[in-house]
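Order of appearance sets the numbers: ligands from 1, and atoms from 1 within every ligand. Quick note: numbers below take in every heavy atom, side chains included, and nothing from hydrogens, waters or symmetry partners.
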Amino acid sequence: MDLGAVTKYSALHAKPSGLILQYGTAGFRTKAEHLDHVMFRMGLLAALRSKQTKSTIGVMVTASHNPEEDNGVKLVDPLGEMLAPSWEEHATCLANAEEQDMQRVLIDISEKEAVNLQQNAFVVVGRDTRPSSEKLSQSVIDGVTVLGGEFHDYGLLTTPQLHYMVYCRNTGSRYGKATLEGYYQKLSKAFMELIKQASCSGDEYRSLKVDCANGIGALKLREMEHYFSQGLSVQLFNDGSKGKLNHLCGADFVKSHQKPPQGMEIKSNERCCSFDGDADRIVYYYHDADGHFHLIDGDKIATLISSFLKELLVEIGESLNIGVVQTAYANGSSTRYLEEVMKVPVYCTKTGVKHLHHKAQEFDIGVYFEANGHGTALFSTAVEMKIKQSEQLEEKKRKAAKMLENIIDLFNQAAGDAISDMLVIEAILALKGLTVQQWDALYTDLPNRQLKVQVADRRVISTTNAERQAVTPPGLQETINDLVKKYKLSRAFVRPSGTEDVVRVYAEADSQESADHLACEVSLAVFQLAGGIGERPQPGF
Ligand code: 16G
Ligand code: MG
C-alpha cells in the first residue's frame, strides 16, 4: 500500500472536519455536496474488500428514492449481496476518520481482515442519473486506483444491473454475461419464452404504463424495450426529459401517498406501475371504473408470484419447499392470505433487503418482498437439478419445469429489480389470464397508516421479534398493547428508522378511521415515553 499516495490523493477529496455519517441499511446517504470524501474512501475500501475476497466488488453511486440533491453509495459483495456487516463497520470508521487518521484506519482494517495487499483488486462502478453522480463516481475510481486496483466503469446503470454485473463476473459468466447486452438478452429471452405459452392473445394484457420516477429506469427500459416489444409494449412516463428525479412520482411516492404519480394519465382499469429512482422497487396500481385508486404493493406482488411458483411445484409433483419472507410492514391481510388460503409458510425479518435476502436463501424457492416493492425470488440448486431431470417426465410436467426454468432466468437473483420483477409479473398475468382487478381482488388490504415521530435520540427505542415489539423504553410495548386492544383486526409497532432521524409508527385496523386513530395514539405514546421533541403528535391528518 503506497501510503504516501493515499495521503496525497485523499487531500484532494478532503473530509469536512466534524462530519459524521453512518453506513446504514442502504449505504451512505446524504446531501451530494458532503459526499466526495466518502466516495474516495469507499473506492479504497472496495479495493481492500476485493483483495480480501479475491473477487470483483461493486460500488453503486445512487440515493435511490431520495430527492435529487442527495446522493449515496453502497458496496456490493461478490455474489451480488449487500456488504458483510463487519465491513459496514469498517466503512463507517473509514468515512468518519479525520484526514490525519485515515492511514491508520486503513492499516487497521487491512490487519483485522487479514487483507493481502499484494493481491490484485477489481472493482466495477455504476451510477444513477443524478447531476452529482458522475463526479462522485470518479472519486470512487480515484480511490480504487490509488490502491493499485483495476476497475470497470459501467457508467449509467440501475442498482440491480450493477448487482447483476458483480454476480456474473464472480461466477465465471455461468449466471449470465456481465454486459448490458447480456442482461437485456437473458431477461428478454426468458420473458418471450414464457409469454409464448400464454393461451390468451389480444393486446389488452400486453401493454403497460410505467412511471420511471424521472430516473435511470427510463433510460434502461428504453434501451431494452425492443428486445421484448413483441410480447409487451411499455409506455414510459416521467422519463427524465422534463421533471425532477423522484419529485411527485416514483414507487416510494405512490406507495407512501397512496396516490398516482404526477405526469401520468390513467384511464380506468389500465395497468400501471412505478419504479423508484434507481429501479430496484416496483409497485402496481390502477383506477377502477369509479375513479378510485387501487395500489398493488410488494405484498400483493409476492402473493401473485409465490402462488404461481407453488402451482408450478405442485405440477411437477415435487416436495421442494417454498417460503415467503416479509417484514413487519406487510399488510396483515397478505400474511393471512398466504398462510391460510395459499398454505405457503411466511417468515418475518427486520426491515432492510439484506435480512430478507438472507432468510429467503433457506428455502428451495424463497420469495421475498418488502411492502414498498423491493423484492425477488431465489432458487436453490435443488430446483435446478429437478429441472435438469425433468426430461424423463411426462409432457405436462415437462412444460411446468420449462416454465420454472424461464422464471428462474427472468428473476434477478442478486437483488430486487424493478425491470425483472415487471417482466415476471407481466408474464404471470398473461399466463394466468388475469386482469389487474382480478389480481387486486386476491385479498383486500387492511386499512393502515404510517407516521413519523421526532425524538431527541431514536436509539432509546430498541425492538425484538423482527421489530414487531419494543423492548425499550420501559412501558412502551405495554402501552401499545393496551391501545391495540381497543380496535378490531388491529396491529401496531414502532421502530427507529435506518435512513432518517425519526421513529416510524405503523398501525393497521378494520377501518381507515381506526388505523388513523391507533397510529396517532401510538405516536403520542412514543412522544411521551421516548423523549419526543418539537410538536406533539395531533389527531387528524
Ligand atoms: C432502505 C432499505 C429498504 C428499507 C428502507 C427502510 C435496502 C437496499 N434498502 O431503503 O429495504 O425498506 O431502507 O427505511 O436495504 P427506514 O429504515 O427509514 O424505514
Ligand atoms: Mg431504490
Side-chain angles (χ1 to χ4, degrees), residues 22-30 58 60-68 70-77 80-85 88 126-130 133 157-163 212-217 220 245-246 249-256 274-283 297-299 302 325-330 348-360 368-376 412 414-421 450-454 458-459 461 463 466-467 493-506:
Q22 175 92 27
Y23 195 97
T25 20
F28 292 104
R29 231 177 251 187
T30 186
M60 183 71 198
V61 177
T62 180
S64 185
H65 53 276
N66 282 37
E68 187 166 282
D70 289 5
N71 217 322
V73 58
K74 70 178 175 191
L75 269 62
V76 178
D77 253 1
E81 334 88 294
M82 304 291 166
L83 187 62
E88 286 188 359
R127 63 168 197 270
D128 72 9
T129 54
R130 281 161 213 274
S133 290
L157 280 189
T158 70
T159 297
Q161 284 175 336
L162 183 79
H163 284 257
C212 298
N214 290 317
I216 183 74
K220 299 298 143 181
L245 180 68
N246 297 324
C249 61
D252 194 61
F253 173 85
V254 172
K255 165 77 181 158
S256 49
S274 285
F275 292 3
D276 73 337
D278 62 340
D280 64 355
R281 291 188 193 179
I282 184 169
V283 295
D297 65 3
D299 303 334
V325 187
Q326 305 184 316
T327 70
Y329 288 106
C348 185
T349 69
K350 288 203 279 191
T351 301
V353 172
K354 63 182 171 204
H355 302 293
L356 290 108
H357 193 95
H358 190 71
K359 184 73 191 169
Y368 74 82
F369 264 89
E370 290 191 300
N372 62 29
H374 187 118
T376 189
N412 186 338
D417 182 336
I419 294 180
S420 142
D421 291 342
Q450 289 196 45
L451 295 175
K452 303 179 194 182
V453 186
Q454 303 273 353
R458 69 191 196 281
R459 288 172 302 181
I461 298 206
T463 63
E467 302 178 319
F493 66 89
V494 303
R495 53 176 282 278
S497 158
T499 64
E500 252 186 279
D501 192 9
V502 295
V503 175
R504 297 206 193 281
V505 171
Y506 177 91

Among Glu370, Lys354, Arg29, His374, which one puts a heavy atom closest to atom 3 (C) of ligand 1? Glu370
Closer than 3.5 angstrom, by distance alone: can the side chain of Thr158 be matched with the main-chain N or O of Ala279 as a donor-acceptor pair? no
List the closest protein heavy-atom neighbour of atom 2 (C) of ligand 1: residue, atom name, distance to the nearest 0.1 Å. Thr25 CB, 4.3 Å
Just which atoms of ligand 1 are under 4.0 Å from any heavy atom in Arg495? 16 (P), 17 (O), 19 (O)
Taking the inter-plane angle between the rings of His374 and Tyr368 on a 0 to 90° scale, is it parallel (under 30°), tilted (30 to 60°) or perpendicular (over 60°)? parallel
Consider side-chain contact (heavy atoms from CB on, under 4.5 Å). Of Thr327, Val325, Thr349, which one does His355 pass it with? Thr349
Enumerate the atoms of ligand 1 whose separation from the nearest heavy atom of Met82 is less than 4.0 angstrom. 8 (C)
With the Mg ion (ligand 2) at the apex, how many degrees lie between OD2 of Asp276 and OG of Ser64, rounded to 10 degrees? 90°
Taking only heavy atoms of Asn372, which atoms of ligand 1 are found under 4.0 Å from at least one of them? 12 (O)
Identify the protein heavy atom lying closest to atom 9 (N) of ligand 1, giving its residue, its atom name and the separation to 0.1 Å. Ala26 CB, 3.9 Å
Quick check: does any side chain N or O of Thr376 sit under 3.5 Å from a backbone N or O of Asn412, one acting as donor and the other as acceptor? yes
Nearest 10° is fine: what angle sits at the Mg ion (ligand 2) between OD1 from Asp278 and OD1 from Asp280? 90°
Have a look at ligand 1 and work out which part of Thr351, if any, has a heavy atom under 4.0 Å from it: side chain, backbone, both or neither. side chain
Quick test: of every protein heavy atom, which one is nearest to atom 13 (O) of ligand 1, and how far off is it to 0.1 Å? Thr499 CG2, 3.5 Å
Can you sort out which atoms of ligand 1 are near Arg504, meaning under 4.0 Å from one of its heavy atoms? 16 (P), 18 (O), 19 (O)
Is there a donor-acceptor pair closer than 3.5 Å between any side-chain N or O of Arg130 and the backbone N or O of Asn71? no
Heavy-atom nearest option to atom 5 (C) of ligand 1, drawn from Met60, His65, Arg281: Arg281
Angle between ring planes, Tyr506 versus Tyr329, binned at 30° and 60°: parallel, tilted or perpendicular? perpendicular
Does a side-chain N-to-carboxylate-O contact under 4.0 Å join Lys255 and Glu370? no
Would the distance check show the side chain of Asp276 and the main-chain N or O of Arg281 forming a donor-acceptor pair, the cut-off being under 3.5 Å? yes
Gly498 versus ligand 1: do any nitrogen or oxygen atoms come within less than 3.5 Å of each other? yes
Any donor-acceptor pair under 3.5 Å linking the side chain of Asp280 with the backbone of Pro160? no
Under 3.5 Å, N or O to N or O, is Tyr329 touching ligand 1 that way? no
Just by modelled atom types, is the Ala328 backbone N or O under 3.5 Å from a matching donor or acceptor in the Glu467 side chain? no
Suppose we measure from atom 7 (C) of ligand 1 to each protein heavy atom; which comes out shortest, and what is that distance? Val353 CG2, 3.5 Å
